[in-house]
Visitor: 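Sharing a structure with you now.
One-based numbering, in listed order, for ligands and for the atoms of each. What you are looking at is a predicted structure, and each value in this text was computed from that prediction instead of being measured.
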Amino acid sequence: MTTIRLEEPGRFASLECAPPAPPQPGEALVRVRRVGVCGTDLHAFAGNQPFFSYPRVLGHELGVEVVAVGPGVANVKPGDRCSVEPYFNCQRCVACRRGKANCCADLRVLGVHVDGGMREQLVVPARKLHPSASLSLDQLALVETLGIGCHAVERACLEPGEFALVIGAGPIGLAVMQFAAERGARVVALDVNAARLDFCRRHLGVPHAVNGADEAPLDALRRLTGGDLPTSVFDATGSPGSMMEAFNFPAPGGRLVLVGLFQGDVTFNDPSFHRRELTLLGSRNAQSADFERIIGLIEAGRIDTAPWITHRAPLAGVAGQFPAWVRPDTGVIKAIVEV
Ligand SMILES: [Zn+2]
Ligand SMILES: [Zn+2]
């Protein structure tokens, strides 16, 4: 069984490994068919993913086929095509007891904390598999990426017609925009990259795009909202400067959702925060219900996955393609590995 493992920053190795042991009670053996590549993987490759340990088999955005199930598994059967919820939670901590497995105190993310899907087969808890009879393997691999955006939008409890500002038009920001639009919000995209903003307008139908390099964002937001400012703001940049500036953008009574993250402190002016009675929310990963909801929305044609996949490679091509996928000028939105 071929496994592609990241040995250290910048270096993959192709290994021949024994197939996994048969699934135990509650587990499923799956054949990996598609692996989406995301920022986490690219940062791990570049060596700037904090607290990342090597060697590691990457791959947490997976489209798989069930090969065999262990005793007691009823939610999937051999032959089912599934998306994998790659957040392995302890099922005991306070977050898990309250239905928030996405922020389990002892969370282990597949492909980050434990070896992931860049291999032919692996065993996963069957409860983390979300089957669909009609989604393509590519679409199943995209569900996790979309989940990050879906969960952030759920956190904000968006209402139809409100202005939702999304800062950062990378894959996570694009996912937030899709679900904000699906909830009926009037989406405003803010980025400093004209090509990315153009992508939002042309492929996601985002009505308003602000280039922060051309115009002061606060002025543009006042103009677009008739002076009100957006009532919900999402930061999907992970850039400390952007995250701190984002506190200026919500309208009084509005909320700010920090989707992207960085390893450091975020500071803000308290009188400014209190005067507007802002609600600040973190958003981490996604929940099982988000996976189910996304699969339903794609099946119903309400979320379009067509714009997403821009690059593709076979498993054997990963080592050769990663250096290019790291470079923003190659225009990567989502690269997919075919296993
Ligand atoms: Zn990801
Ligand atoms: Zn837990």
Visitor: Under a plain distance cut-off of 3.5 Å, with no hydrogens placed, do S132 and E299 share a side-chain donor-acceptor pair?
Guide: yes
Visitor: Got a sec: is D41 within less than 2.8 Å of the Zn ion (ligand 1) via an N/O/S atom?
Guide: no
Visitor: Quick one: angle H60 NE2 - the Zn ion (ligand 1) - C38 SG, to the nearest 10°?
Guide: 100°
Visitor: Flag the pair H151 / F179 as yes when at least one side-chain heavy-atom distance between them is below 4.5 Å, and no otherwise.
Guide: no
Visitor: Given Q178 and W308, is the side chain to side chain donor-acceptor pair (under 3.5 Å) satisfied, shown in steps?
Guide: CA-CA 11 Å; Q178 277 194 309; W308 279 87; 3.0 Å; yes
Visitor: Can R183 and E159 be counted as an ion pair, charged N to O under 4.0 angstrom?
Guide: no
Visitor: Please name the atom of E61, limited to N, O or S, that comes nearest to the Zn ion (ligand 1).
Guide: OE2
